[in-house]
Amino acid sequence: QVQPVESGGGLVQAGGSLRLSCAATGHTFPNYPMGWFRRAPGKEREFVAAINWNSDSTDYADSVKGRFTISRDNARDTVYLQMDNLKPEDTAVYLCAVDGEYYSGPSLYYYYPTFWGHGTQVTVSS
């Protein structure tokens, strides 16, 4: 049973940085995508970033582009999200996503994960 486990959330002031990590515990299949979503209070879950198995494709939500960076370490089955210049509107529970279907094209991308983490809280104060 695959159970992604997130870490690295916390409270930070606007303009600060945080780095989230997620280990895909129990995952044994090769060549799988990973990513991050978030759910803010009173809002629907939304896509944040995704990365393919060999890190040569990444996609970001427009709201985080230029501020967040996704990366992965396949030797550790771990995905990271470096979040810089954080804003109060980034406050949310951040959910790790593992495996599933990920497509990244010149004008279109989508990611439908198979496995989800329980989430880690990120709070940005103004």
Side-chain angles (χ1 to χ4, degrees):
Q1 178 68 28
V2 177
Q3 180 54 65
V5 179
E6 303 97 337
S7 61
L11 173 64
V12 63
Q13 288 189 328
S17 298
L18 282 174
R19 188 191 194 209
L20 305 183
S21 301
C22 172
T25 306
H27 196 284
T28 59
F29 300 102
N31 306 341
Y32 58 96
M34 302 180 83
W36 294 91
F37 289 69
R38 67 187 182 187
R39 185 171 56 241
K43 294 188 177 181
E44 299 280 326
R45 184 178 63 201
E46 65 173 356
F47 170 82
V48 175
I51 186 168
N52 75 335
W53 69 277
N54 65 355
S55 303
D56 68 358
S57 289
T58 58
D59 286 287
Y60 298 90
D62 288 343
S63 58
V64 307
K65 204 171 292 184
R67 300 187 297 120
F68 290 10
T69 303
I70 189 170
S71 61
R72 64 187 292 167
D73 181 345
N74 287 343
R76 299 175 185 270
D77 288 326
T78 297
V79 63
Y80 305 97
L81 186 68
Q82 177 66 42
M83 305 185 295
D84 298 316
N85 190 21
L86 282 160
K87 303 176 180 180
E89 52 264 42
D90 294 317
T91 295
V93 174
Y94 283 71
L95 302 158
C96 176
V98 174
D99 211 337
E101 186 177 357
Y102 171 45
Y103 171 79
S104 181
S107 60
L108 171 70
Y109 68 85
Y110 58 78
Y111 181 35
Y112 301 113
T114 300
F115 303 104
W116 295 91
H118 293 305
T120 185
Q121 177 70 45
V122 171
T123 303
V124 185
S125 63
S126 57

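Counting begins at 1 with the first residue of the sequence.
Residues that satisfy the side chain to side chain contact (heavy atoms under 4.5 Å, CB included) test with N54, not counting sequence neighbours, are N52, D56. Checked against side chain to side chain contact (heavy atoms under 4.5 Å, CB included), D73 has the following partners two or more places apart in sequence or in another chain: A75, R76, Y80. Among residues two or more places apart in sequence or in another chain, the side chain to side chain contact (heavy atoms under 4.5 Å, CB included) test is passed with P33 by D99, Y102, Y111.
Atoms CG and CD, on L11 and Q121 in that order, are 9.5 Å from each other to the nearest 0.5 Å. The structure places CG of L95 at 11.5 Å from CZ of R38, a figure rounded to the nearest 0.5 Å.
Side-chain atoms of E101 and T114, non-hydrogen and from C-beta on, never get closer than 4.5 Å to each other. Between H118 and Q3, some side-chain heavy-atom pair lies under the 4.5 Å cut-off.
Taking the six-membered ring where tryptophan is involved, the planes of F47 and Y109 are tilted, since the angle between them lies from 30° to 60°.
The pair D62-K65 meets the salt-bridge criterion, with a side-chain N (NZ, NE, NH1 or NH2) lying under 4.0 Å from an Asp/Glu carboxylate O.
Connection of Y112 to W116 is not established within any shared hydrophobic cluster, with ILVMFWY side chains joined at heavy-atom distances below 4.5 Å, either directly or through further cluster members.
Here M83 is tied into one hydrophobic group with V2, V12, L18, L20, Y32, M34, W36, V48, I51, Y60, V64, F68, I70, V79, L81, L86, Y94, V98, F115, V122, V124, each link being a pair of ILVMFWY side chains closer than 4.5 Å.
Applying the side-chain hydrogen bond (donor to acceptor under 3.5 Å, both in side chains) rule to pairs touching residues 12-25 yields S17-D84, sequence neighbours excluded. Among pairs with a residue in residues 6-116, those fulfilling disulfide (SG to SG under 2.5 Å) read C22-C96, at least two apart in sequence or across chains.
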